[in-house]
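Here's the structure we're looking at; comments come further down.
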Amino acid sequence: MEYNFKQIEQYWQQRWAEAGVYKVSNKSEKKPFYVLDMFPYPSGAGLHVGHPLGYVASDIYSRYKRLCGYNVLHPMGFDAYGLPAEQYAIKTGQHPEKTTNENIARYISQLKKIGFSYDWDREVRTCDPDFYHWTQWAFAQMFNSYYDTVQQKARPISELVARFEQTDPTWATLTEKEQQERLMQYRIAYLSDTKVNWCPKLGTVLANDEVSEGLSVRGGYPVEQRVMRQWSLRVSAYAGRLLEGLDRIDWTDSLKETQRNWIGKSEGAEMNFTIKNPKGKTENEVNIKIFTTRADTIFGVTFMVLAPESEYVSMLVTDEHREEVEAYLDRCKHRTERERIADRHVTGVFTGAYAIHPFTHAEIPVYVSDYVLSGYGTGAIMAVPAHDSRDYAFARHFNLPIIPLIEGADVSEQSFDAKEGRMINSDFLNGLEVKEAIAKMKEYITNTGIGRVKVNYRLRDAIFSRQRYWGEPFPVYYKDNMPYLIPDSCLPLCLPELDKFLPTETGEPPLGHADMWAWNTANNKVVSKQLIDNKTIFPLELCTMPGFAGSSAYYLRYMDNQNKEALVSREANDYWRKVNVYIGGTEHATGHLIYSRFWNKFLFDLGVVCEDEPFQKLINQGMIQGRSNFVYRYIGEGATGNLYISYNLIDNPEYKDKVQPIHVNVNIVHNDILDVDAFRLESPEYKNATFIYADGSTDEDNPYMGQATNKQYICGWAVEKMSKSMYNVVNPDDVIAAYGADTLRMYEMFLGPLEMSKPWDTKGIDGVSRFLKKLWNMYAEPADGEPTREELRSLHKLIKKITWDIENFSFNTSIPAFMIAQTELSTLGCNKRCVLETIAILLAPYAPHIAEAMWQQCGHNTFVVDAQWPTWDEKYLEEDNINYPVQFNGKVRFTLSLPKTMDKTAVEQAVMASDETKRQLAGDTPKRIIVVPGRIVNIVV
RNA sequence: GCCGUGGUGGUGGAAUAGGUAGACACGAAGGACUUAAAAUCCUUUGACCUAAACAGUCGUGCGGGUUCAAGUCCCGCCCACGGUACCA
C-alpha cells in the first residue's frame with residue numbers, strides 16, 4: 001500500500017470543506033478556547049516556508065484542544081493596508097486594492113494546501129469597509145474620551161465638559177473654537193503640533209517603532225524631525241496600566257522585558273531651580289523644572305543643561321549670548337536624527353544665565369545641548385558630572401568642575417555611574433548608602449517643597465496620521481480649522497477610488513485627489529469637493545490611519561465578524577473573552593503588541609470588552625532564515641567563465657583564491673549536491689557550464705556517456721536572510737508537491753524548538769518523509785485483538801509524551817517520539833486496530849491528512865479531527881524490572897536489575913546483598929546509601 | 001553601554017524535578033539486493049588508548065565553587081544572536 005500523499009491530502013481537504021468540520025459556533029456547551037496567529041501582510045512574493053512555522057504550531061495546538069473537547073476559535077485574516085501595495089501602485093499604476101486582493105487569494109490558496117483548521121467564514125481583511133468601520137468607530141470613541149487620572153480610566157469627554165462648566169467660570173466665556181482647543185488637550189485621540197518622524201522619501205510620518213537608528217524600518221530611508229499638525233493616540237496615559245498588566249499575563253520574560261524597557265518607567269523627582277536675576281524680571285520669577293532619578297547627587301550639581309527645543313532657552317538667554325545660542329539652535333534643527341546619533345561629539349553652548357543651587361546657593365551655569373532630549377522628563381537636567389557619563393563628557397569639554405559624591409570613587413578618568421557606595425561631600429546625606437540617600441532626599445524635597453516625587457515614562461503617544469492613500473480614512477471633517485466627527489451612523493466612511501497615489505500638486509496627501517471628499521452636515525453625506533461653497537459643507541481629513549490601526553482589535557472581530565451593529569457583540573465577547581494562545585514573531589514587541597494592549601484597555605474602559613488584557617499566553621516563534629547555496633566559478637588563468645569547482649576542492653592550491661562564489665538557486669540543490677542538468681537550464685549564462693566534481697573528475701571523464709553518474713558537485717552554503725536576491729527562498733508549495741503537506745508540517749516542527757531562529761535546511765526532510773511512509777505501511781491490514789503488554793507500553797508512553805509536548809509547545813520532541821513508537825511497534829509486528837487508531841488520533845494535530853486516512857483504514861467513517869484525545873494509564877508504563885545503575889561515589893560500576901515493586905529500603909537491601917556490591921566494597925562499610933526511586937543507587941564509601 | 005536569549009559529536013538537535021549525556025534524524029563508512037541506478041534493509045559512527053575485544057581515561061564555550069552525583073544550581077569570564085539607546 002503506497003503512501004500517495006497527493007491523493008490523500010486532496011481527498012481529505014475536500015471532505016473537510018464539504019462537511020464544514022472547521023466551522024465554529026458562538027453557541028456551544030463546550031468550553032471556549034481561542035488560538036490566534038498574528039495575521040500576515042499579504043506581500044506580492046507569497047508565502048515562504050518561514051511563514052507556516054507559527055501557523056503549524058498554532059494549528060497543532062488548536063487541533064489538540066479540539067480533540068480534548070474544547071470549542072476552538074482558530075481564525076485567519078489579512079493585515080491588508082500597508083505601504084508596499086501603495087508603492088507598487090505608484091510604480092505600476094495598479095490599484096492597491098486589486099494587487100492586495102490578488103495577493104490575498106494567493107495566500108489563501110497556499111494556506112489551504114497546508115491543511116490548517118481555520119474557520120474561513122470568519123476571515124477578516126483590514127481593508128474591507130465592514131472591518132474598518134470598526135477601526136473608524138474606535139477612533140471616534142477615542143476622540144470622544146479623555147483619560148481620567150483619578151479613576152485611571154477613559155471617560156466620555158462630556159464628563160470633562162460638565163466639570164469645566166461647573167468648576168471653571170472662564171469656560172463659558174470661551175468661543176467654541178477655544179473650547180475645542182482646550183478639549184483637544186485631553187482627548188485620547190487628539191490633534192496637535194508634534195515633533196514627528198518625517199520620512200521625505202516615503203512622503204509620510206512614521207511612529208517611533210517604525211523608525212530604527214534614524215532610518216525607516218520599511219525601505220531604510222532617512223527620517224528627519226519635523227513639527228507637523230498630526231493625530232496622536234494618548235498611549236502614554238496608559239503607560240502605568242500597560243506596565244502593570246504584564247505581571248498578569250503569560251508571556252516570555254524576554255518579551256515582557258522588551259515591553260518594560262519600551263515603556264521605560266523611572267521613579268525620580270522633579271525639582272525647581274531658581275534663575276539668578278533673570279533679565280527684565282525680579283528674582284525668583286523664573287524656575288527651571290528638572291527631572292532626575294538621582295536626587296541624592298544634588299550636591300554634585302555643577303551646571304545645568306536645557307534641550308535645544310526647551311521653552312526655557314528663550315526665557316533666560318542673555319543678550320550677550322543670544323547670537324551664539326541661536327546659531328547653535330539653528331544647527332541642531334538642521335541635524336537629522338541619524339546625524340545626531342552618529343556624531344556623539346560633545347556640543348553645546350552657554351546661555352549666560354545662572355541658576356541658584358537650592359541647598360548650597362551656589363551659582364551654577366545653564367547650558368544648552370542636544371544630548372538633553374526635549375521629549376523626556378522636562379527637557380532640562382541638573383548635571384552631575386561625577387556620576388553621569390554624559391554630564392562627565394560635557395564637563396570635561398567645557399572645563400566645568402566635577403565633585404565626587406561617593407567614597408572611593410575615582411572620577412579622574414571617567415564618571416562613576418553605579419548606584420552603590422557611601423555618600424561624601426553631601427551635607428546631611430554624608431555616610432548614607434546611595435539607596436538610603438535617594439529615599440531620604442525624596443522625602444526631604446517633598447517636605448520642603450523644593451520639588452516632588454515623580455514617575456516618568458519613556459513611552460510616547462502614538463502618532464496616528466499617515467499622508468498616504470492605502471489606509472483607513474479618518475471619520476473627521478474640519479470646521480473653523482477644528483476637527484469634528486462624522487456621526488457613527490454614517491460609518492463606514494469609505495476610501496474613495498483613486499488612480500493617482502502621490503501627493504497633490506499643492507502638497508496635500510493623496511486623498512486630496514478625490515472628487516467625492518467633503519462632508520455635508522445638512523444631509524449627512526460625503527459630497528463632491530467642487531460643491532464647497534455652501535456653508536454647511538466642510539472638508540474632510542485627508543490623512544489616513546497607520547498600519548497598526550487595523551491590527552489593534554482584529555482579534556475581537558473574529559469573535560463576531562458578521563456583526564453589523566457592533567465590533568463584537570457582548571454575548572460573543574463574554575463567551576470567547578480573550579485570546580488564550582497567541583503565536584507570532586518578536587518583531588511586534590514594541591509595535592502591535594503595545595498598541596493592541598492599549599486599544600483593548602481603552603475598549604475595556606468603555607465596557608465593550610470584558611478582559612483588560614487581550615492575549616493571555618504569547619508564544620514567539622523564531623525566524624526561519626535562509627540557507628543559501630553557492631557554486632564556485634573558476635576565474636584563474638585561462639578561465640572561460642564556464643567552469644565550476646566543487647566546494648571541497650576550492651582550497652586546493654590550484655584553485656585557491658581563483659574562484660568566485662555565486663549564489664545558486666537552492667531549489668536545484670539537494671543535500672548540498674547540485675543538480676547539474678537543472679543548473680544548465682537555470683539561465684543562458686550557465687548553458688555550457690562544465691564542472692570539476694567532488695572526486696576531481698570532469699564531465700569528459702564520464703565513462704557512461706550521457707548516462708547518470710555518481711559524480712557529485714558539492715555546493716558551499718551560508719545562513720542568510722531568506723530573500724529573492726539570495727536565491728534561497730523556498731516556497732511551501734514546492735515542498736508540498738515533493739513531500740506532501742503532512743511532511744512539511746512535521747518537518748517544520750522537527751527543525752528545532754519553536755522559539756529559536758534557525759535556517760531552513762532540507763537535510764533531514766527525507767527522514768520525516770520516510771517515517772510517514774513506514775507508519776502508513778503498518779495500516780495496511782489492521783487486525784482485531786487485544787494488544788500485548790509491550791504494545792500497550794509503547795502506546796501509552798507515546799500518549800503521555802505527545803500530550804506533554806503539545807501542552808508545553810515542545811513540538812519538536814514529539815516527532816522523535818512518534819518515530820520511536822513506530823519502530824517499537826513494527827518490531828513487535830503490531831497491527832492491532834485499537835493501537836493504530838489511537839496513534840491516528842495522536843498524529844492528527846501534526847499530520848491531519850494522513851491521520852484521517854489511517855482512521856479510515858481502521859474502519860471509521862467519521863473524522864479523526866472529531867475524535868477524543870486518549871489518556872494514558874501509568875500502569876502500562878511500569879516495567880517489571882528496573883535497571884538500577886549502581887554507583888560508588890557517583891561513578892557507575894555496574895547495573896542491577898530489580899523488580900519494580902521494591903520500595904527504597906528493599907532496593908537498598910537487595911543491592912547490599914548482591915555479590916558484585918560485596919566485591920566492590922571489599923570489606924569496607926558504606927557511609928551512606930542513596931536510592932533515587934526507580935532510577936539509581938549510589939553508595940558513598 | 002544596557003536588557004534578553006543561547007553556546008552539547010561532522011550537522012540539526014534530545015536530556016520535561018541535580019541522578020546512565022549525545023535520544024531521534026541527517027550525513028558518513030561498510031554490507032545485502034541489483035547489469036547499473038533509485039528505493040529498501042542491516043551494521044558501525046563523541047574523542048583518546050588498542051591490531052581487535054575487554055577495560056580504562058577524557059568529554060556539554062572557558063575558569064572556579066556547592067554536591068555522593070552538575071549540560072542542569074552558584075560565582076567570575078569569553079563568544080554568538082536578538083532588542084534597545086545620549087531617557088537624566
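So you know, we letter chains A, B, ... as the sequences are listed, proteins then strands, and number each from 1.
The side chain of A/Thr292 lies closest to B/A88, out of B/U5, B/A23, B/A88. Of the candidates B/C24, B/U84, B/C68, the closest approach to any side-chain atom of A/Met819 belongs to B/C24. Here the side chain of A/Glu257 is nearest to one of B/C3, B/U5, B/C68, namely B/C3. Closest contact between the side chain of A/Phe291 and the listed nucleotides B/A23, B/U84, B/A88 involves B/A88.
Close to B/C68, at under 4.0 Å from its OP1 or OP2, lies a side-chain N or O of A/Arg928. OP1 and OP2 of B/A25 both lie 4.0 Å or more from every side-chain N or O belonging to A/Arg770.
B/A38 shows a glycosidic angle more than 90° from 0 and is accordingly assigned anti. Glycosidic conformation of B/G9 is syn; the angle stays within 90° of 0.
With both ends at atom P, the span from B/C24 to B/U45 equals 13 Å, rounded to whole Å. Across the C1' atoms, B/U44 and B/A39 are found 22 Å apart, a figure rounded to whole Å. Rounded to a whole angstrom, the distance from the C1' atom of B/G64 to that of B/U20 is 27 Å. Atom name C1', nucleotides B/A17 and B/U72: the rounded distance is 11 Å, in whole Å. Taking atom P in both B/G30 and B/A38, the straight-line distance is 14 Å, to the nearest Å. Separating the C1' atom of B/A23 from that of B/C79 is a span of 28 Å, rounded to the nearest Å. Taking atom C1' on both nucleotides, B/G59 is separated from B/G7 by 16 Å, rounded to a whole Å. Using C1' as the reference atom, B/A21 and B/A15 are 7 Å apart when rounded to the nearest Å.
Both tests do not hold together for A/Arg260 against A/Trp251: distance to the six-membered ring centre under 6.0 Å, angle to the ring axis within 45°.
In this structure, CG of A/Asn777 is placed 13 Å from C1' of B/C41, rounded to the nearest angstrom. When the P atom of B/U67 is taken as reference, atom CZ of A/Phe888 falls 22 Å away, rounded to whole Å. If you measure from atom CG of A/Asn456 to atom P of B/A88, you get 8 Å, rounded to the nearest angstrom. Taking atom CD1 on A/Ile594 and atom P on B/U84, their separation rounds to 12 Å, with Å as the unit. Taking atom CD1 of residue A/Ile820 and atom C1' of nucleotide B/G22, one finds them 13 Å apart after rounding to whole Å. When the C1' atom of B/A88 is taken as reference, atom CZ of A/Phe273 falls 12 Å away, rounded to whole Å. For the pair A/Lys774 NZ and B/A25 P, the interatomic distance rounds to 7 Å; values are reported in whole Å. Rounding to whole angstrom units, CZ of residue A/Arg458 and P of B/U84 are separated by 9 Å.
Neither side chain, A/Tyr739 nor A/Thr762, offers a donor N or O lying under 3.5 Å from an acceptor on the other. A/Thr813 and A/Asp805 share a donor-acceptor pair across their side chains, judged by distance under 3.5 Å alone. With no hydrogens or angles considered, no side-chain donor-acceptor pair links A/Tyr457 and A/Ser236 at under 3.5 Å.
Listed by first then second residue, pairs satisfying side-chain hydrogen bond (donor to acceptor under 3.5 Å, both in side chains) with a partner in residues 744-755 of chain A read A/Asp59-A/Arg745, not counting sequence neighbours.
Within the shown strands, B/U84 is the pairing partner of B/G1 under the Watson-Crick or G-U definition, both distances less than 3.5 Å. Pairing for B/A28 goes to B/U44, judged as Watson-Crick or G-U wobble with the two contacts each under 3.5 Å. For B/A53, there is no paired base (Watson-Crick or G-U wobble, both distances below 3.5 Å). Partner assigned to B/U16 is none, using Watson-Crick or G-U wobble distances below 3.5 angstrom. In this structure B/G6 sits in a base pair with B/C79, meeting the Watson-Crick or G-U test at under 3.5 Å.
Nearest heavy atom pair, residue A/Asp391 against residue A/Ala383, reads OD2-CA, 3.3 Å.
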query = In B/S/- notation, 5' to 3', how is nucleotides 7-19 of chain B contacted by protein heavy atoms closer than 4.0 Å?
reply = -----BSSSB--B
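Using the six-membered ring where Trp is involved, A/Tyr846 and A/Phe818 have ring planes that are perpendicular, over 60° apart on the 30 and 60° scheme. Ring orientation note: the planes of A/Phe394 and A/Phe398 are tilted relative to one another, at an angle of 30° to 60°.
For the segment residues 372-384 of chain A, the set of residues with a heavy atom within less than 4.0 Å of an atom of RNA chain B comprises A/Val372, A/Leu373, A/Tyr376, A/Ile381, in numerical order.
In this structure, A/Leu405 and A/Val384 have side chains that are in contact, with non-hydrogen atoms separated by less than 4.5 Å.
Nucleotides of RNA chain B nearest to A/Asp391 and A/Thr895 differ in position, and the one nearer the 5' end is that of A/Thr895. Taking the nucleotide of RNA chain B with the nearest heavy atom to each of A/Thr293 and A/Pro885, the more 5' of the two is matched to A/Pro885.
At a threshold of 4.0 angstrom between heavy atoms, the contacts of A/Arg460 include nucleobase atoms, whether or not backbone atoms are also involved. Residue-level contact check: A/Ser266 touches the backbone only, with heavy atoms under 4.0 Å from sugar-phosphate atoms and none from bases. Within 4.0 Å of A/Arg260, counting heavy atoms only, lies no atom of the nucleic acid at all.
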request  = Apply the test ring pair (Phe, Tyr, Trp, His ring centres under 6.0 Å) to residues A/Phe811 and A/Phe750: give CA-CA distance (whole Å), side-chain angles for both, the deciding distance (0.1 Å), then the verdict.
outcome  = CA-CA 7 Å; A/Phe811 305 117; A/Phe750 184 59; over 10 Å; no
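In this structure a side-chain-to-backbone donor-acceptor pair under 3.5 Å is present from A/Ser826 to A/Gln822. Under the 3.5 Å distance criterion, the side-chain polar atoms of A/Lys927 are left unmatched by any main-chain donor or acceptor of A/Val940.
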